[in-house]
Every structure is written in C-alpha cells, then in structure tokens.
2 protein chains.
Amino acid sequence: MEPETVMDAALELMDEGALTMRALASRVGLTPGALYTYFPDRAALVSAVADRLLAEADLTLLDAPGLSPHDRIESFALALREVLLRHPAAVPAILGAAFSGPTALHVGESLLRELSDPRASYTVMVYVLGAIALEAAELEGPPPPEEERIALRRTYLVVDPEAFPLTHAANDVIAAYISTDQFRWGLRRLLSAP
Amino acid sequence: MEPETVMDAALELMDEGALTMRALASRVGLTPGALYTYFPDRAALVSAVADRLLAEADLTLLDAPGLSPHDRIESFALALREVLLRHPAAVPAILGAAFSGPTALHVGESLLRELSDPRASYTVMVYVLGAIALEAAELEGPPPPEEERIALRRTYLVVDPEAFPLTHAANDVIAAYISTDQFRWGLRRLLSAP
DNA sequence: ACCTGAACACCGTTCAAGT
DNA sequence: ACCTGAACACCGTTCAAGT
C-alpha cells in the first residue's frame with residue numbers, strides 16, 4: 001500500500017474530526033500496529049499530511065508570468081486560503097510545520113523572489129497564515145458558503161452596546177472579518193506599505 | 001477550592017507539555033471526577049485558561065495617555081507577545097478562543113478605539129496573533145533567551161544553496177524571523193500602510 | 001518489509017454513593 | 001455543592017511471531 005493512500009485517509013478523518021491511529025487503520029484495512037511501518041508515530045503522519053496539503057495549492061501562481069509580484073502573491077495567497085479552509089482541522093498542523101516541510105521551503109523561496117526584503121516576505125507569511133488560522137479556528141469541518149457564514153456571525157456576535165459601543169457599532173464589519181474581501185483588503189494593505 | 005487554583009495548575013501542566021485531567025487532579029489533590037464540578041469538560045477548562053492568560057497582558061497599555069495610537073498598539077502587542085511566548089503550549093487555545101472570550105472582547109474594543117477602520121484593527125490582530133502562533137509553534141516550553149534561539153536557528157535552517165539560493169542568501173535574516181525586532185518591524189510596516 | 005494479535009500504559013468522562 | 005471509587009469506552013505505541 002502507498003503511503004499516500006494512508007495520508008489521504010488520515011486527512012479524511014481529520015476533516016471528520018476523528019483522526020485516531022485505530023480509526024485510520026480500520027479505514028485503510030490494516031491493524032493499528034501496521035501503520036508504524038509507514039510513519040514512525042502519529043505526529044510524523046500529521047506533519048506529512050500537512051505538507052501534502054500545502055502542496056495542493058498551485059505553487060506556480062507564485063511564478064506566473066505577466067503578473068506583478070503583488071498580484072502573484074495575492075493569487076497564491078487566495079488559492080492557499082481556499083485549500084486550507086476546506087480542511088480546517090489540518091491548519092494547526094500547517095502552522096506547526098510551516099518552516100520545516102519541503103513544500104514550505106519552496107513557497108518561501110518563491111516569496112523571497114517576489115519581495116526584495118526578506119522581512120517583508122515573512123510579514124506576508126505571518127499575515128496569510130494568521131488569517132487562515134483564525135478563520136479555521138471557528139470551523140468544525142469544511143465551511144458553508146461565505147455569505148451564510150457571515151450572516152451567522154452577524155447574529156452570533158452581538159455584544160452589550162453599553163459595555164462595548166465600538167464593537168457593537170462595527171458589528172457588520174466584524175461579521176465579515178472571515179470574508180475573502182477582508183482577507184484581500186488586509187493583504188493589499190500590507191503589500192502597499194511603503 | 002477556587003477555580004483559579006485549578007486553572008493555574010492546568011497552565012503549569014500545559015507548560016510541561018502534559019496536561020491531562022488525571023495529572024491535573026493529582027496536582028491539586030483531587031480525584032479526576034471532581035474536576036467536572038469546576039469545568040464541564042477539558043475543552044472548557046482550556047478555554048478558561050486561555051482567557052485568563054490573555055488577561056495577564058497589561059490591557060491598560062491600550063489606553064495609555066500621552067502615547068499615539070500606534071505606540072499604544074505596539075506596546076500592548078509587545079506585552080502580549082511576551083506573556084504568550086512564556087506559555088507556548090497555550091497559544092493554540094488562544095487562537096481558538098480569540099473571539100469568544102470576555103478579555104478578547106475588551107482588547108477588541110480598545111483596538112477599535114485606536115484605529116478608525118475596523119478592517120485595519122482586524123488586520124493588526126491577525127498579524128500579532130499569527131506571529132505569536134508561528135513563534136510558539138517551534139517552542140516546547142518557556143523560551144531560551146532570544147539571542148540563543150536565533151543562533152540555534154542560524155545553524156538549524158541551512159538549506160541547499162543550489163535549490164534554494166535566495167533562502168540560502170537570507171539565512172541570517174530568516175534566523176531572526178522569531179526576533180522582537182522582526183516582530184516590531186512587521187507591525188510598524190502594517191501600521192504605516194497608507 | 002509488511003502485517004497480525006495481543007498486550008501495556010495510558011486517556012476523558014460518567015455516575016452511584018457518600019458528606 | 002463537592003468529592004470518592006470504580007467503571008466504561010476509548011487512546012498511542014510496542015513487540016513477538018508470522019509471511
């Protein structure tokens with residue numbers, strides 16, 4: 001059996017919020033102990049899944065000809081966000097393995113090519129991963145449509161207007177914090193810094 | 001026994017990388033089952049610890065008189081980073097409870113007071129929490145001195161110069177990605193956006 | 001190398017019963 | 001309300017033994 005088969009099943013189980021070595025073994029038709037032939041332990045398996053997931057975003061967007069560096073970064077960031085939000089339970093693992101994995105290295109190198117100052121490219125990584133992590137944190141599984149999610153937040157996030165007047169007044173904008181528009185707005189703001 | 005006693009012991013155990021309900025019970029001199037009088041389940045306990053930890057950063061920095069809005073945000077962000085990096089294992093829980101907790105609500109309100117556009121205040125939150133999360137992800141317990149950590153990264157992060165020339169060339173800056181200077185640099189860049 | 005069966009040393013949570 | 005003792009239904013990981 002290919003390790004990829006095991007990793008795909010592991011991602012499925014993460015999406016269902018129930019990744020255990022035993023459940024994974026049963027899903028791929030093995031005994032729990034047999035999994036340790038493929039990965040030394042659970043943590044290694046999760047790291048491998050995280051790197052595989054990272055590679056699902058189209059890395060070539062970062063080298064797309066005919067686009068400005070900022071547009072390349074924006075289109076890749078949007079693609080990455082889309083991939084990762086479909087698997088919110090895997091996002092913490094991505095944060096953990098953000099630097100170590102081979103795919104992350106590739107992304108880092110491309111990012112350095114687009115921005116002259118390495119400090120700026122790290123700032124972009126921090127923003128992109130931070131935004132995705134905050135959005136993922138409030139998802140249980142694959143996300144419902146964005147409009148639905150925003151509408152839910154609008155009713156969910158009501159606060160005491162006396163104690164938190166500004167938060168109360170900004171309710172609609174705050175509900176849309178998890179929107180693609182807000183994500184793009186923040187990224188552009190960061191990229192437009194002098 | 002006060003719930004705070006239980007929460008403090010829980011944070012201790014998180015720092016040691018070994019928070020279990022059984023270990024917690026034994027540390028505070030109770031039976032595992034007795035903990036469920038204080039918190040409905042493990043997740044609720046962790047959320048409560050996260051909020052308590054968030055409150056350890058000096059919230060009054062966000063209202064300090066005589067400082068510009070940007071300086072208030074910077075000093076609070078630095079204080080928050082210091083508190084959270086002392087407890088890296090608790091940071092994922094902070095990300096998860098970033099919006100729900102009562103203390104987070106207070107921080108959000110203050111941030112809205114400092115910046116005219118709510119979208120900008122969210123962008124700052126994303127950056128600050130993202131940077132802290134990435135730094136925390138590579139810590140096992142309370143962090144060694146910064147210089148030591150950077151020096152370790154400098155030798156740790158060596159890559160193939162042929163495959164990743166820009167990453168190789170920027171090694172020193174990349175090693176310092178987890179520095180206070182880099183954190184401040186990115187934050188200022190974000191705040192200086194037009 | 002890959003896999004099974006069985007075990008070891010743990011988990012979180014529940015619940016009758018006591019105070 | 002708070003706590004104990006004991007149980008239930010799980011975990012990850014190891015390892016002799018088989019192929």
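Below, read A as the first sequence line, B as the second, and so on, with proteins coming before strands; counting in each chain starts at 1.
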Asks: Under the ring-ring contact (aromatic ring centres under 6.0 Å, His included) rule, what pairs show up with a residue in residues 1-26 of chain B, not counting sequence neighbours?
Replies: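 Residue pairs with at least one partner in residues 1-26 of chain B: there are none.
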Asks: May I have the list of side-chain donor-acceptor pairs in residues 24-33 of chain B shorter than 3.5 Å, sequence neighbours left out?
Replies:
residue: B/Arg27; atom: NH1; partner: B/Glu12; partner atom: OE1; Å: 3.0
residue: B/Arg27; atom: NH1; partner: B/Glu16; partner atom: OE2; Å: 2.9
residue: B/Arg27; atom: NH2; partner: B/Glu16; partner atom: OE1; Å: 3.2

Asks: Check residues 56-71 of chain B and write down every donor-acceptor pair under 3.5 Å in which the side-chain atom is one partner and the other belongs to a residue at least two apart or another chain.
Replies:
residue: B/Asp58; atom: OD1; partner: B/Thr60; partner atom: N; Å: 3.1
residue: B/Asp58; atom: OD1; partner: B/Thr60; partner atom: OG1; Å: 2.6
residue: B/Asp58; atom: OD2; partner: B/Thr60; partner atom: OG1; Å: 3.3
residue: B/Asp63; atom: OD1; partner: B/Arg113; partner atom: NH1; Å: 2.5
residue: B/Ser68; atom: OG; partner: B/Asp71; partner atom: N; Å: 3.1
residue: B/Ser68; atom: OG; partner: B/Asp71; partner atom: OD2; Å: 3.4

Asks: With B/Thr180, which residues qualify under side-chain hydrogen bond (donor to acceptor under 3.5 Å, both in side chains), at least two apart?
Replies: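 B/Thr180 satisfies side-chain hydrogen bond (donor to acceptor under 3.5 Å, both in side chains) with B/Arg81, B/Glu146 once adjacent residues are dropped.
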Asks: Taking for each residue the nucleotide of DNA chain C with the nearest heavy atom, is it A/Thr37 or B/Pro40 whose nucleotide lies nearer the 5' end?
Replies: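 Its nearest nucleotide lies further toward 5', so the answer is A/Thr37.
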Asks: Reading DNA chain D in the 5' to 3' direction, which nucleotide is the first one with an atom under 4.0 Å from a heavy atom of chain B, and which is the last?
Replies: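 First and last nucleotides in contact are D/dC2 to D/dA7.
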Asks: By the ring-ring contact (aromatic ring centres under 6.0 Å, His included) test, which pairs, at least two apart or in different chains, include something from residues 42-69 of chain A?
Replies: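 Not a single pair qualifies under ring-ring contact (aromatic ring centres under 6.0 Å, His included).
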Asks: Inspect the contact between A/Asp8 and A/Arg52 and indicate whether a charged nitrogen and a carboxylate oxygen are less than 4.0 angstrom apart.
Replies: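 Salt bridge present between A/Arg52 and A/Asp8.
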Asks: Any stems for DNA chain D, made of 3 or more Watson-Crick or G-U pairs in a row, each with both distances under 3.5 Å?
Replies: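 Correct response: C:4-8 with D:12-16, C:12-16 with D:4-8.
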Asks: If you look only at pairs with a residue in residues 174-183 of chain A, which of them pass as a salt bridge (charged side-chain N to carboxylate O under 4.0 Å, His left out), with sequence neighbours excluded?
Replies: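 Checked against salt bridge (charged side-chain N to carboxylate O under 4.0 Å, His left out) - neighbours excluded - the pairs reaching residues 174-183 of chain A are A/Asp181-A/Arg184.
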Asks: Looking only at atom C1', what distance separates D/dC11 and C/dA7, rounded to whole Å?
Replies: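 It works out to 14 Å between them.
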Asks: Which side-chain N or O atoms in residues 158-166 of chain B pair as donor and acceptor under 3.5 Å with protein atoms at least two apart or in another chain?
Replies:
residue: B/Asp160; atom: OD1; partner: B/Glu162; partner atom: N; Å: 3.1

Asks: Which residues pass the side chain to side chain contact (heavy atoms under 4.5 Å, CB included) test with A/Pro144, not counting sequence neighbours?
Replies: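 Counting only residues at least two positions away or on another chain, A/Pro144 forms a side chain to side chain contact (heavy atoms under 4.5 Å, CB included) with A/Leu139, A/Glu148, A/Arg149.
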Asks: Give every residue pair that meets the side chain to side chain donor-acceptor pair (under 3.5 Å) criterion with at least one member in residues 185-194 of chain A, sequence neighbours excluded.
Replies: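 Applying side chain to side chain donor-acceptor pair (under 3.5 Å) to every pair that reaches into residues 185-194 of chain A, excluding sequence neighbours, yields A/Glu74-A/Arg188.
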Asks: Tell me which residues in residues 13-31 of chain B lie within less than 4.0 Å of DNA chain D, going by non-hydrogen atoms.
Replies: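 Contacting residues: B/Arg22, B/Leu30, B/Thr31.
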